[in-house]
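Have a look at the structure below, then the notes.
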Amino acid sequence: GAAFSSAGTSLPAFVADCRLDLACKLLVDTPDTNIEDIAQASGFTSRRSFARTFTQKFALSPSEYRDSRNRT
């Protein structure tokens with residue numbers, strides 16, 4: 001915990017960022033996978049907490065993020 005504090009973050013925040021990074025990859029790479037499955041695969045306990053955390057970080061819902069990244 002002290003190492004994270006000295007780096008200006010916390011362990012829970014670091015873990016959440018890692019989960020969100022994985023979720024972003026899954027949203028783009030597996031467009032046919034539903035959001036709830038991606039939330040669970042990323043380590044979130046519910047779709048609601050996933051959507052809230054995702055939207056706080058990216059200012060987009062997971063669906064909006066997927067749509068914006070999968071346009072060609």
Side-chain angles (χ1 to χ4, degrees):
F4 286 97
S5 293
S6 67
T9 190
S10 67
L11 181 58
F14 176 78
V15 170
D17 282 344
C18 290
R19 288 176 175 167
L20 290 172
D21 289 344
L22 174 59
C24 287
K25 181 172 176 21
L26 293 173
L27 285 166
V28 173
D29 292 348
T30 59
D32 294 331
T33 304
N34 70 46
I35 301 297
E36 187 166 350
D37 288 343
I38 288 175
Q40 289 177 349
S42 301
F44 288 88
T45 56
S46 72
R47 179 183 174 149
R48 186 177 190 156
S49 68
F50 169 61
R52 181 180 59 248
T53 304
F54 193 97
T55 303
Q56 286 173 346
K57 180 167 182 171
F58 297 108
L60 293 170
S61 72
S63 297
E64 291 169 334
Y65 180 87
R66 173 185 271 168
D67 291 344
S68 71
R69 301 294 180 191
N70 284 329
R71 289 187 193 136
T72 54

Nearest heavy-atom pair of Phe50 and Ala23: which atoms, and what distance?
CE1-CB, 3.5 Å
Spell out, as yes or no, whether a donor-acceptor pair under 3.5 Å connects the side chain of Thr30 to the backbone of Thr33.
no
One should read off an interatomic distance between Arg47 CZ and Asn34 CG, to the nearest 0.5 angstrom, of 7.0 Å
So, do Leu20 and Ser42 sit near enough that their side-chain heavy atoms are less than 4.5 Å apart?
no
To the nearest 0.5 Å, how far apart are CZ in Arg19 and OG in Ser49?
9.0 Å
Does Ser61 offer a backbone N or O that forms a donor-acceptor pair with the side chain of Glu64 under 3.5 Å?
yes
Tell me if a side-chain donor or acceptor on Arg66 pairs with a main-chain N or O of Leu27 at a distance below 3.5 Å.
yes
For the pair Tyr65 and Phe58, name the ring-plane relationship: parallel under 30°, tilted 30 to 60°, perpendicular over 60°.
tilted
Crowded around Lys57 NZ? As in, over 12 foreign heavy atoms under 6.0 Å?
yes
Could you tell me which non-hydrogen atom of Ala39 sits nearest to which non-hydrogen atom of Ser46, and how far apart they are?
CB-O, 4.3 Å
For Thr55, all residues meeting side-chain hydrogen bond (donor to acceptor under 3.5 Å, both in side chains), sequence neighbours excluded
none
Heavy-atom closest pair (Ala41 atom, Leu22 atom, distance to 0.1 Å) is O-CD2, 3.6 Å
Rounded to the nearest 0.5 Å, how far apart are OG of Ser63 and CD1 of Ile35?
4.0 Å
Following the transitive rule for hydrophobic clusters with a side-chain heavy-atom cut-off under 4.5 Å over Ile, Leu, Val, Met, Phe, Trp and Tyr, establish whether Phe54 and Phe14 coincide in one cluster.
no
Would you kindly confirm whether Leu26 and Val15 end up in one hydrophobic cluster when ILVMFWY residues are joined by side chain heavy atoms under 4.5 Å apart?
no
